[in-house]
Amino acid sequence: MPEPVKKTVSAFAKKPKTQVAEEGATVVFETETEKPDAKVRWQSNTKDLASGDKYMIKADGNKHSLTIQAVTKEDGTAYAVIAGGSKVKFDLKVKEKEVMEEVKLEVKKEVKEKEEEAQGGAGDPAAPAATDTLAPEEAPAPAETPAAADTTPVAPQPGANIQAHDTPGFDESQAPDTKTDLTGLFTEKPQSGEVAVGENINFVAKVNAASLLKKPTIKWFKGKWMDLASKSGKSLQLKELYDRNSKVYTFEMQIIAAKPSFAGAYRCEVSSRDKFDSCNFDLTVHEARAVEGFDIRAAFRRTSVDGSEEAGELDFSALLKKRDSFFKGSPGHRASKSQVKSEPDEDVWEILQKAKASEYEKIAFQYGITDLRGMLKRLKKMRKEEKKSEAFLKKLDPAYQVEKGHKMKLCIEVANEDVDVKWLKNGQEIQSTGSKYIFESVGNKRYLTINHCSLSDDATYTCVVGDEKCTTELFVKEPPVTITSNLEDQMVMKGERVELECEVSEEGATVKWEKDGVELTRDESFKYRFKKDGRKHVLIINEATKEDCGHYTVKTNGGESMAELMVSEKELEVYQNIADLTVKAKDEAVFKCEVSDETVKGIWYKNGVEVKADARTHITHIGRIHKLTIDDVKPEDQGDYTFVPEGYAFNLSAKLNFLEVKIDYVPRQDPPKIHLDCMGHTADSTIVVVAGNKLRLDVPITGDPAPTVIWTKGEKAGSEVAAETWSIKDGDVMTEGDGRLHVESTKGHCIFTIEGADKQDEGLYSVIVRNPAGEDKADINVKVVDAPDPPSAPRILSVGEDSCVVQWDPPKSDGGNPIIGYVLERKKKKSYRWMRLNFDPYTDTTYEAKRMIEGVEYEMRVYAVNAIGMSCHSAASQPFIPVAPTSEPVGLCVDDISDTTISLKWRTPEHLGSSELDGYGVEYCKEGSDEWVPAFEGLTERTSVIIRDLPTGEKMQFRVKAYNMAGPSAPTSLAQAVTIREIMQKPKIWIPRNLRQTLIKKVEETINLVIPFQGKPRPVITWSKDGEPLNPKQVSIRNSDTDTILFIRKSERKDSGKYEVKLQIENVEDTASISIQIVDLPGSPEKLKIMDVWGFNVALEWKPPKDNGNCEITGYMVQKADKKTMEWYTVYELYRRTNCVVADLIMGNEYIFRIYAVNMVGLSLEPCFSADSAYIQKTGFEYKPPTYKEHDFSEAPKFTHPLVSRSVIAGYNATLSCSVRGIPKPKVTWYKNKMDISNEAKYRMFSKQGVLTLEIRKPCSFDGGVYMCKAVNASGEDAVECKLEIRPPGTFPQAQITKEERDKQMNKAD
């Protein structure tokens, strides 16, 4: 029956938080549990903590606390608290006292400055002084080197419980870590997390965009290939926020209702133009904690009756990782977690060119290349040297690689722009049909774009230009097939059907099945069957045998999964037990039993002696029924009969009682007598009974008249005091015991029975018989034996790559029989199935368990075995993980060096194993010495480090070790010793592209210029403006080892000018200049006059403003108002001249006028008003229509304005305009390259009052050419033409049309 789904339960109501403290302080971590009686354990680096001088552990109801006294550097590590099935991790960060004091002073200074600014306002004379110090949020600077970190607040470490510095309640214990600066684009990286099934979790990444020229782009990945942007939906949401004040982008990935399959490694990548950064993190999904009261024994069932698997999902995706390297990683090793710096994707073709011929097949399997023979042919062609081409300026690369489903763009450059090219695929010309292939021609570049690449596009592509051609190979890379649902361990009975099932990421994928490292195939007996159903793959074993036990593995090119199959003999079930019989002489006695297996044979015993078939005794076996028949029963047939099934360690027993009928004709009196010797025992005999079985004491007695029987039990053997008494007289029970006790008497027998004997029934039993003739007494010693108590919880002494050594203590009670051995079981932490490790009892109390999977969490438990049976299982051991040390770090090199410091960097080890990497240790020693000195205390998680206070001029050797749970790896050292001496580097200033031209800013805007440079030792930096030193009250300068920053909080007009920066190292220097222009609103125009008034028109004239705002006047805004209403209406906007005519005025109204000046900042604050007003006179006259004779107005078409040649950018709508006159209205036709385009959908033609316009929608390179407009009427025709050039974005026209050419076209049209 499937197990019910457990609801997710968290053992903690309040979780402890990460804290930061200085050396010598006392730190308290507090937590609260859901239940007051929950047992809580505290750990440091996976080791349990106990109360003492250093640590103080308290528990008060559901409140628990851990106090660490006198914190030192060694206490700065990872901690955890465990309650039930829940585990919460947190950190303690320890800071030096000097660093803490500096951080406190810096924070207090910033808070004080902000308070002064808030209180002083604009009129406070102390306000200008506040500009001397740059607030971090107002002048964000790039990440500084450690030399400059002493005076600049550092961003807090991600994941730490640190509040912002500008909050009034800043806690001193939460000061930022000055020794773990973030590098790259991230100011906060997403951290690895743990979540229970069904709960939500958020991952947050932050990027400071103050120094970026373009908005950063972020991508979230799972594993190495899966882009999560396409998976966004109900279970995954991606969010983006931007803070304009701090200029920080916040990117958030939220996982909703986590499932076991969500566990694994994740990666976050951010890029902005030429900058890139990435971060790896992991997600662990825990199973729901078992609810109190749940019977855990129900989870130990391996299979159901029909052989199907138990319900429940066991996920191994977070444990079985794809190996980092196909060649260097051993088969049993898997990388469990991605590192802080993700390795760049390698080009498959570069690997092929460098690899040996013997490794081609492995590379092809790893990267999804199926055509091995074609791959070798292409490799041979690529190695041939190409001759210099005259037709090609740039040829195709020898090979390209693209992922399946993505787009590929091939590009060449030809020497002749007008030449035509052909594209071939495997020798066949590619036709432009549909959207699969797109051909483009931009200048001398030719493009072939292949959309939605599939395996059919994996071919040879050729570009032909005349008689020459260039060829390339396109490899379409299939994403690796990963295992999404892993195999599960199984234990089945012999002869049952076994189905091992897994699920992969793609349908139709090819998988390989192995047993103990040997590939499985369909043999002649069809023992193994392979079933494929979509993404599910099933291995079927019809009838399991003992030979089928082992480890089964399913492999794909993207991972593998392993499970263990164990086959045990079937347990024999008893459907009908044999029963006690009481028969008379000459009657028939039949013992009958029924068992579950028809093939099981058995042997019958009488009082321990095998029964043989004879004339009176018949033994039969029909199906599941076994019979023993005794004809003509005699007194000697009385006794104990037992049936023992062959091959099974149990038996079935019953008693045959012979009932003898006697008639006494002469009454007589005989004294009572107890005849124990008839059962083969003496009076001092000890009877042994197994606990839980029936104890039957049958004592033969004689006596006339029938004696009274009294049974008594002493406390112990040899005791005179009776604890309990039972009496029988004339067959009636005189004294009753409890319900388990039965006392009966028959003629000649007294029977004492205890149902379900237990340990308390052990002791000395006495039977007394009395009648008038006398009495007799006998003692019987009863011993009850049972299975032993469970052993103590096993302890894990040590772990290896795939093994562990476990030890336990013997049980407190052996059940009355000596312990003959122990049976061990193990299970995976997230599984409910326990797997037996030994079937024969193991005599020792120390055992080495092998054949485990590295990186998987296991638990162990033990059973004790004696002659009676097996005890209950012990408590489970603490969870443990088999791990091995990592390989050595790679790529150790010197990044930078000075007179007393050196900067080293390296890459993560190629093989990490399944344990999390704890960090790196760096050591150094003098050349010729073998005394290695640690460069710093503890470990570092970064792959770069700066070592300080080294002796100048000394030759030093350095090495790095990687540490994990299993200990340090082999060291990696520099190839040769390094001399500690700084290397001089000439100073060089790198002016950003946006500062190479004049920087224009508005008044009161903030100016923040970041100028990077290089030079060693640190150069002397000098700023000046127009040859004079800068005013420190207005301009602030901040310098670091790699850049210098000029900051002006509120710019003014006087800040305009030419700024020069100079770097100087000894006698070598470099200079650069930056022009800054501060612009403002212009002044108002001057002397607006009304020059003339005629008809409905007024002529105005004015003078430009004296103050143009430090930039060009772009125009004027002219407005008019009727003196009656005084409502202002705009006549002209951005009017360029200083005189204009205002027309269409209303007769009889009086008008006044005003004018604003306009520049790039905006309108002037005040307008210039006209001193006088203009009155429009009313004039009356009588209209006399003129007399004229009819005139012929017909006129041949003539273009009054010609078409003008243009050069436009591809993708943007373009228009061609001209004007024509003619009577009657001529018919207009447009042509392109002398072809009529009137009916083309790409073009639209307009005609309004003689102005003709042709609109070309989103032109491409094919729309370039000669366009002609032709007008025709009854009086004649005329035509004009122009040339249209289409250029790609980002390019400039090859030839500009000069003013003289435009005039010639106008004259030609006239």
Side-chain angles (χ1 to χ4, degrees), residues 106-107 110-111 113-118 120-122 127 130-144 152-156 158 162-168 170 176 182 184-190 202-220 237-254 268-277 279 992-995 999-1012 1035-1036 1038 1043 1045-1052 1055 1076-1081 1160-1162:
E106 185 70 20
V107 172
E110 292 180 4
V111 173
E113 289 177 359
K114 292 187 177 181
E115 292 176 354
E116 291 177 355
E117 290 181 3
T131 62
D132 295 340
T133 302
L134 300 181
E137 64 272 24
E138 293 178 338
E144 296 186 342
T152 305
V154 183
I162 299 177
Q163 304 296 327
H165 293 176
D166 54 356
T167 57
F170 174 68
L182 291 172
L185 296 177
F186 287 108
T187 59
E188 181 178 339
K189 297 182 179 181
N202 290 356
F203 294 95
V204 178
K206 293 185 178 181
V207 177
N208 191 337
S211 60
L212 302 181
L213 302 178
K214 184 181 179 183
K215 174 186 175 183
T217 302
I218 196 164
K219 292 184 179 180
W220 299 86
Q237 293 184 2
L238 303 179
K239 299 180 181 179
E240 174 183 338
L241 300 174
Y242 177 65
D243 188 354
R244 297 185 179 274
N245 296 327
S246 60
K247 297 184 180 179
V248 173
Y249 284 90
T250 302
F251 302 96
E252 182 178 351
M253 178 178 73
Q254 183 180 18
C268 177
E269 293 183 356
V270 61
S271 60
S272 177
R273 289 199 175 179
D274 58 342
K275 295 184 180 181
F276 175 82
D277 198 3
C279 170
R993 186 182 300 273
N994 64 317
L995 299 180
L999 178 65
I1000 300 176
K1001 290 284 186 177
K1002 296 179 182 180
V1003 172
E1004 295 187 354
E1005 282 189 343
T1006 299
I1007 299 177
N1008 187 23
L1009 305 182
V1010 181
I1011 311 299
V1035 182
S1036 298
R1038 177 181 293 177
D1043 56 31
I1045 300 175
L1046 182 143
F1047 179 76
I1048 301 176
R1049 189 184 304 274
K1050 293 182 179 181
S1051 59
E1052 300 177 3
D1055 295 326
I1076 299 179
Q1077 181 180 353
I1078 308 300
V1079 298
D1080 197 359
L1081 295 174
M1160 63 183 300
V1161 182

Measuring only between side-chain heavy atoms, which start at C-beta, is [X] closer than 4.5 Å to [Y]?
X: Val270; Y: Thr217; value: no
X: Ser271; Y: Pro216; value: no
X: Leu238; Y: Trp220; value: yes
X: Val204; Y: Phe251; value: no
X: Ile1007; Y: Ile1078; value: yes
X: Lys239; Y: Gln254; value: yes
X: Asp1055; Y: Ile1048; value: yes

From [atom1] ([X]) to [atom2] ([Y]), nearest 0.5 Å:
X: Cys268; Y: Ile218; atom1: SG; atom2: CD1; result: 3.5 Å
X: Glu1005; Y: Ile1000; atom1: CD; atom2: CD1; result: 11.0 Å
X: Ser1051; Y: Lys1002; atom1: OG; atom2: NZ; result: 11.0 Å
X: Ser272; Y: Asp277; atom1: OG; atom2: CG; result: 12.0 Å
X: Leu241; Y: Glu252; atom1: CG; atom2: CD; result: 7.5 Å

Inset, instruction - Name all residues meeting the salt bridge (charged side-chain N to carboxylate O under 4.0 Å, His left out) criterion together with Glu1052; count only those two or more places apart in sequence or in a different chain, and write none if there are none. - result: Lys1054
Legend entry - Partner set under salt bridge (charged side-chain N to carboxylate O under 4.0 Å, His left out) for Lys215, not counting sequence neighbours: Glu240
Legend entry - Side-chain donor/acceptor of Thr187 to backbone N/O of Lys206, under 3.5 Å: yes
Legend entry - Side-chain donor or acceptor of Thr1006 paired with backbone N/O of Arg1049 under 3.5 Å: yes
Inset, instruction - Please assess Asn1008 against Ile1045 for the test side-chain contact (heavy atoms from CB on, under 4.5 Å), listing each intermediate value before the final yes or no. - result: CA-CA 7 Å; Asn1008 187 23; Ile1045 300 175; 3.1 Å; yes
Legend entry - Partners meeting side chain to side chain contact (heavy atoms under 4.5 Å, CB included) with Leu995 (sequence neighbours left out): Ile991, Pro992, Leu999, Leu1009, Ile1011, Ile1074
